[in-house]
Amino acid sequence: MERAVPLAVPLGQAEVFQALQRLHMTIFSQSVSPCGKFLAAGNNYGQIAIFSLSAALSSEAKEESKKPVVTFQAHDGPVYSMVSTDRHLLSAGDGEVKAWLWAEMLKKGCKELWCRQPPYRTSLEVPEINALLLVPKENSLILAGGDCQLHTMDLETGTFTRVLRGHTDYIHCLAFRERSPEVLSGGEDGAVRLWDLRTAKEVQTIEVYKHEECSRPHNGRWIGCLATDSDWMVCGGGPALTLWHLRSSTPTTIFPMRAPQKHVTFYQDLVLTAAGNSCRVDVFTNLGYRAFSLSF
Amino acid sequence: MSSESSKKRKPKVIRSDGAPAEGKRNRSDTEQEGKYYSEEAEVDLRDPGRDYELYKYTCQELQRLMAEIQDLKSRGGKDVAIEIEERRIQSCVHFMTLKKLNRLAHIRLKKGRDQTHEAKQKVDAYHLQLQNLLYEVMHLQKEITKCLEFKSKHEEIDLVSLEEFYKEAPPDISKAEVTMGDPHQQTLARLDWELEQRKRLAEKYCESLSNKEKILKEIEVKKEYLSSLQPRLNSIMQASLPVQEYLFMPFDQAHKQYETARHLPPPLYVLFVQATAYGQACAHMKSSSQPPRQDKTLSVAIEGSVDEAKALFKPPEDSQDDESDSDAEEEQTTKRRRPTLGVQLDDKRKEMLKRHPLSVMLDLKCKDDSVLHLTFFYLMNLNIMTVKAKVTTATELITPISAGDLLSPDSVLSCLYPGDHGKKTPNPANQYQFDKVGILTLSDYVLELGHPYLWVQKLGGLHFPKEQPQQTVIADHSLSASHMETTMKLLKTRVQSRLALHKQFASLEHGIVPVTSDCQYLFPAKVVSRLVKWVTVAHEDYMELHFTKDIVDAGLAGDTNFYYMALVERGTAKLQAAVVLNPGYSSIPPIFQLCLNWKGEKTNSNDDNIRAMESEVNVCYKELCGPWPSHQLLTNQLQRLCVLLDVYLETESHDDSVEGPKEFPQEKMCLRLFRGPSRMKPFKYNHPQGFFSHR
């Protein structure tokens, strides 16, 4: 099969290095600015890039509009999670959370507003923070990651108020259940745990891998993604993507997807989900019927 | 009334019968022969006004008579007819009168017209005369102006001014008394004087010419004297040679080289001068304890035939005779030996690509006694320089199979500067010359002519700017000097890195990754995965591999690179690594693309950990460079690859559904097996603690 050969540009050392960096770059997190015009993306080198959505989506967009407006080194390690409040961007990397002012970030050489590290048990290796969750009613931030605990931080004072322990392996993802209020966390140990924020205790545990319908031992037992809609929950990862009824802790629908799912979200009455290894975003209705796929 | 009119009428009528009135008849007789009645004459005599009255009267009578006839007819009766008849006759008479009047009127009209016509003709004749006279006047006026404008040639000559003329001219020419008054004579005199002056000047000119001839002859004589001096000086120089050698001043040798250098074309001359200067500067900078002239890392020499170089500038007289002879020959043997078009074109091509007979040789000596021999040529018609390279080592090199291209003369200097592949001519004007003789590109001829790298042109001081193509590009010393040091350093680094690779390849082909002792700290003590194969791969084959698509699409896999395939094995796991080696190694790192065959085929498109392994080797290469000049980069990368495969296989999570122990028990010390949302394996090795962690 003949492949079209692209022109080899005379590359010096710097250009080759840049090209290699970009080939091996992974973007782990993203967040839209409160005004909706900008998108922040965090990658595995610890850099955050700000893109102008209004310029890139406008009718006169050129190639330069798709390049970042500003890029800066935010953390030493990969930026696994980012979330936006109405004025700040919170980014989490290797064991620390940093806050940036959206209004300041577009200028070059901006510095973080503050940088906080939750209290860790061991100091041998700094655990990563995989998920950030905002609780607007309390004005607090929940962090979870490599040290297997959920930490709550008050955004006004910066102090760490609660520590929720229970997972036996590191935590991948968090979801918020508005009604109770409760937090759901899914981890590498294969369990989805529900925590009550007022009592700071574990309320319910669902060990997904133990259910035969959805477990897939060859993929492992880890839970990579969680989404909840108060009565319902969708989770997936090593086991198959499954829709659970929370009160009865029973799996109701198993979605027929082979690859381990990395991201899932509820949207009105639909479930949108994406696996990291394919180019598709699949859209399901609650009944397990795949409505269609969005594809790159 | 009627009787009066009838009386008047009747004489007329009677006249028409032949009883003319006296006056009128006489006139008509005198005018014409015989009794001939002329109405035309009569017209002159009658009065038009009275004729008009007569006409009116006749018309009235006619009307009256008609009315009476009408009356009579309407009345009727016997004697009416007679009355009617009478009146009828009268009417006829009236009619006759009318007719006559009519004729008279016509004749009058005709006469009037004739008179007008005559008068008009006369006027026309006068008018014509007037025109003729005017035309003549104009003509004469023109002639007069022409005469007035006439310039005689004598006015064009710049004559000396009047005062000067009277001052300088001898009296017999100037003749003041006559000329003062008469301007004509004055001008004549002045012209005479002009002639005199010119004759005198012509004489002076002949004299000066003969003077000049004399002086030239004297110069000739003196030149011969001087030229006879030269051989005498030479013999003195020869005699002094032994003295020079005794004093360690090879003045003469250097002098000879400079002599030959004088015949070099400008770019080669620039290169020669700059390279010699650089070589001397390097020698000076070494410690002064060493005797001079011995430790030369750069030596410059000129090769080739000086006579041929001199012959280039002689007028081709002999060759013209040869041409006429060969033409005669050709005419005799026409059909057989007429050169074909292809042969003619070939000759033209050879002519265009002709090299200057002299070339400059540079020998770069490196620390380990290996030498890079560079021979620089100058292509005269194309105004570019080319270079041929050869590497010789102190000891004989056994070339491993995969290292065939590393030191080959064709590719050892490729891409010394990024993108400088030396396959295209750097002079844009050459394209037009090539089109004329049908040369597509210079790359077909580089094997015999040498490579026209851009740095070679710069060393010769030739600069071909792209934006403003210049008519003539001349060799510039400052351009050469500014590039000399960098280029020499790059050349040395290139040779040494290639030689290092050469040695390493020999080891790699035997399955041993040669890690030097000062790089051991980068790897754990125990590495189980082994390199089993190391071969070269063709460029096209590399492009066809399914796991190299990313590198190809990023434009990093050009045809100037070297491509290799390494195979690392442990147990049932086989890891293929496709390697792109850039000619600019080791400043530009080699690029690895991996494909693991173990429980299925895993590449960077379906397994994030494979991608992380590639990143460890490609992106984090700076850690693996080792001590400067980082010749250990490739071997360190290969060793790290083996370590990474170990980690990958040992940290693979055990599938609970499958029975039996793990194929690879975990021996590496890892703090955590998985980290982050992508669940990466711990690939980073920490020294000296010896455990693995995540980046």
Side-chain angles (χ1 to χ4, degrees), chain A residues 1-17 19-26 28-29 44-46 76-78 80-81 94 122 124-125 127-128 130-131 145-146 169-170 172-173 188 209 215-222 224-225 237-238 259-260 262-263 276-278, chain B residues 415 417-421 539-540 543-544 546 549-561 580 582 584 587-589 591 593 599 604-608 611-612 614-622 653-658 671-680 682 691 693-695:
Chain A
M1 181 195 66
E2 283 253 338
R3 228 187 272 165
V5 178
L7 274 178
V9 180
L11 297 171
Q13 187 191 20
E15 289 96 342
V16 169
F17 183 61
L20 288 173
Q21 260 195 326
R22 290 183 64 194
L23 277 176
H24 294 97
M25 189 186 291
T26 310
F28 282 112
S29 54
N44 57 327
Y45 297 120
D76 289 331
Y80 286 129
S81 176
D94 266 354
T122 60
L124 191 58
E125 197 200 8
E128 78 282 17
N130 283 328
D169 208 337
Y170 76 95
H172 274 278
C173 46
E188 183 73 13
Y209 65 96
S215 80
R216 298 189 295 199
H218 58 273
N219 276 342
R221 50 165 88 162
W222 50 279
C225 54
K262 298 253 172 84
H263 291 283
N277 288 357
S278 82
Chain B
C415 294
Y417 290 90
D420 192 4
H421 49 70
H539 178 219
E540 300 78 33
M543 311 269 275
E544 293 292 318
H546 60 280
K549 197 162 179 297
D550 287 338
I551 297 296
V552 173
D553 288 340
L556 294 167
D559 57 356
T560 50
N561 298 327
V580 180
N582 193 294
S587 59
I588 301 182
I591 305 176
Q593 289 285 87
K599 293 188 184 172
N604 62 13
S605 54
N606 61 10
D607 188 341
D608 276 339
R611 200 156 167 256
E614 286 176 355
S615 176
E616 283 286 317
V617 184
N618 291 338
V619 179
C620 309
Y621 73 93
K622 290 199 177 124
S653 54
H654 189 56
D655 190 352
D656 294 325
S657 62
V658 174
L671 289 178
R672 276 171 65 179
L673 285 184
F674 300 104
R675 192 176 192 263
S678 45
R679 304 177 71 241
M680 287 285 108
F691 66 91
S693 62
H694 294 80
R695 280 198 191 266

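So that the names make sense, note that chain A is the first sequence line, chain B the second, and so on, each numbered from 1.
The residue among B:Gly584, B:Pro677, B:Cys415, B:Ser693 with the most heavy atom pairs within less than 4.5 Å of chain A is B:Pro677. Most heavy-atom pairs under 4.5 Å with chain B, from the set A:Gly146, A:Gly77, A:Cys173: that is A:Gly146. Ranked by non-hydrogen atom pairs under 4.5 Å with chain A, the options B:Arg679, B:His694, B:Arg695, B:Glu614 are led by B:Arg679.
Only the side chain of B:Tyr621 comes within contact range of chain A, judged by heavy atoms closer than 4.5 Å. In this structure, chain A has heavy atoms under 4.5 Å from both the backbone and the side chain of B:Arg611.
For the atom pair B:His539 NE2 and B:Glu544 CD, the distance stands at 10.5 Å (nearest 0.5 Å).
Considering only residues two or more places apart in sequence or on other chains, A:Tyr45 meets the ring-ring contact (aromatic ring centres under 6.0 Å, His included) condition with none of them.
Between A:Phe28 and A:Tyr80, the ring planes are perpendicular. Angles over 60° get that label, and only those under 30° would be called parallel.
Here B:Arg672 pairs with A:Glu128 in a salt bridge; the nearest charged N to carboxylate O distance falls below 4.0 Å.
At least one side-chain heavy atom of A:Leu20 sits less than 4.5 Å from a side-chain heavy atom of B:Leu556.
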